[in-house]
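First up is the structure itself, then whatever we jot down about it.
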Amino acid sequence: MIRRRSTPWIHKWSRPLIGAIAGFGILNTGYLTFEKLTGGSPLCNNPEAVKGCADVLSSPWGTVFGQPLALFGLLAYVGMFVLALAPLALKSGEKDKIKNAKQIELLTWWLLLVGAIAMTVFSAYLMYVLAFELKALCWYCIASALFALSMLTLTILGRDWEDIGQIFFTAIIVGMVTLIATLGVYSGINADGTVGDADGPQRISAFAPKENPNPAFGWEITTTSGESEIALAEHLVKVGAKEYVAYWCPHCHEQKLLFGKEAYKIIDDNIAVECAADSPKGKPALCQAAKIQGFPSWVINGQIYSGVQNLNELAKITGYTGPQNFKYFR
């Protein structure tokens, strides 16, 4: 009597587990994509001294080809979700009618392997950036890296691979291609955290304060203004816009850096409202009356716009039609 070898539980459940992890990845990156596209700030319980998720998403590494990095992560997780569960969606009766069912299952396993390797290598690079470049703590990013590593582990252990050497060879090739492509995508990031040529628009990276702010003005503005920034600042005063800030807020300083020293003086002297009670210029009652919940916040035509705003966004919101060759963007 021939005894059939029982199928290991990991082989039975590997695809559903990969699909479940990819589902969590979809929720994770989907939330970050929504917050980024709507100008929100993701919930992240970090100590005040530690940069968090919003700083990571707004950094040069948080945008790829002009789109949020989380959007590409969302697409990757959707792909893994489909590859993991699509073969399971075929009913047993239908499988008998499909001659290439086994080929389809094998193909999806190889695609899962390639996808998991690529996502793990890319996540490893982002963990390096998180730890050594941004020096930030982003739980969403760490969770995504763990999801990728888990899917890779399940893909390798989830079936009987006939040729382990081929897996090793595939891992080397896919890993090298992914790393080279990643370094190419981020090659435009300068040492100071800005992006682009020195003669063109520069990306302002997340501000990491190295000293305590001055209650009178926060931190010194190190960027200079051009005619476009000054013209926009004058236009904002003319249309009655208000900016609510707190001197200790790093994001408020990023907004100042976008305008530059000369243009922001116009903002500060006319339409900026300091909300910190311990500042010599503090007017917390005005901020409470305006129902301000975060900094910076712009109030334009009765509507609140939370978070740092690129100058072209402020121009669009307020109908500004002057010169728009702004020097900085975020």
Mind checking whether [X] and [Y] sit in one hydrophobic cluster, side chains of I, L, V, M, F, W, Y counted as touching below 4.5 Å?
X	Y	result
F72	I142	yes
Y320	V237	yes
F122	Y128	yes
F65	L75	no
L258	I267	yes

- Give a yes-or-no answer on whether the side chains of Y77 and S144 include a donor-acceptor pair shorter than 3.5 Å. yes

Quiz item: Going by atom types only, do T224 and K327 share a side-chain donor-acceptor pair under 3.5 Å?
Solution: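 Yes.
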
Relative to the ring of H253, is the ring of F207 parallel (under 30°), tilted (30 to 60°) or perpendicular (over 60°)?
-> tilted

Return the [atom1] to [atom2] distance between [X] and [Y], rounded to the nearest 0.5 Å.
X	Y	atom1	atom2	result
T120	M127	OG1	CE	11.5 Å
L71	F34	CG	CZ	14.0 Å
T178	I117	OG1	CD1	8.5 Å
I204	E254	CD1	CD	8.5 Å
I10	I156	CD1	CD1	11.5 Å
L27	Y31	CG	OH	12.5 Å

Is it true that atom CZ of F24 has more than 12 heavy atoms of other residues, nucleotides or ligands lying nearer than 6.0 Å?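 Counting other residues, nucleotides and ligands, CZ of F24 stays at 12 neighbours or fewer.
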
| Over 12 non-hydrogen atoms of neighbours within 6.0 angstrom of CG in N301 |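 Atom CG in N301 is not packed in, count stays at 12 or less.
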
Under 3.5 Å: donor-acceptor pair, side chain of [X], backbone of [Y]:
X	Y	result
N214	A216	yes
S14	L154	no
Y186	W61	yes
T155	L113	no
Q309	S306	yes
N28	Y140	yes
W219	E211	yes

*Would you tell me whether C287 and C275 have their SG atoms within less than 2.5 Å of each other?*
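A disulfide is present here, as the SG pair of C287 and C275 is separated by less than 2.5 Å.
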
Decide yes or no for [X] and [Y]: does some side-chain heavy atom of the first lie under 4.5 Å from some side-chain heavy atom of the second?
X	Y	value
L74	I26	yes
F259	L232	yes
Q324	K316	no

Nearest heavy-atom approach of Y244 to L286 is CE2-O, 4.1 Å

_Nearest non-hydrogen partners of A290 and I304, listed with the distance_ =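 Distance-wise, the nearest heavy atoms are O-CD1, 3.6 Å.
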
- Message: Quick one, L236 with W298, criterion side-chain contact (heavy atoms from CB on, under 4.5 Å). Give me CA distance, side-chain angles, the key distance, then yes/no.
- Response: CA-CA 10 Å; L236 291 170; W298 291 87; 4.0 Å; yes

| Option from L134, L32, V129, L126 for which side chain to side chain contact (heavy atoms under 4.5 Å, CB included) with V56 holds |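 Result: among L134, L32, V129, L126, L134 is the only option passing the side chain to side chain contact (heavy atoms under 4.5 Å, CB included) with V56.
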
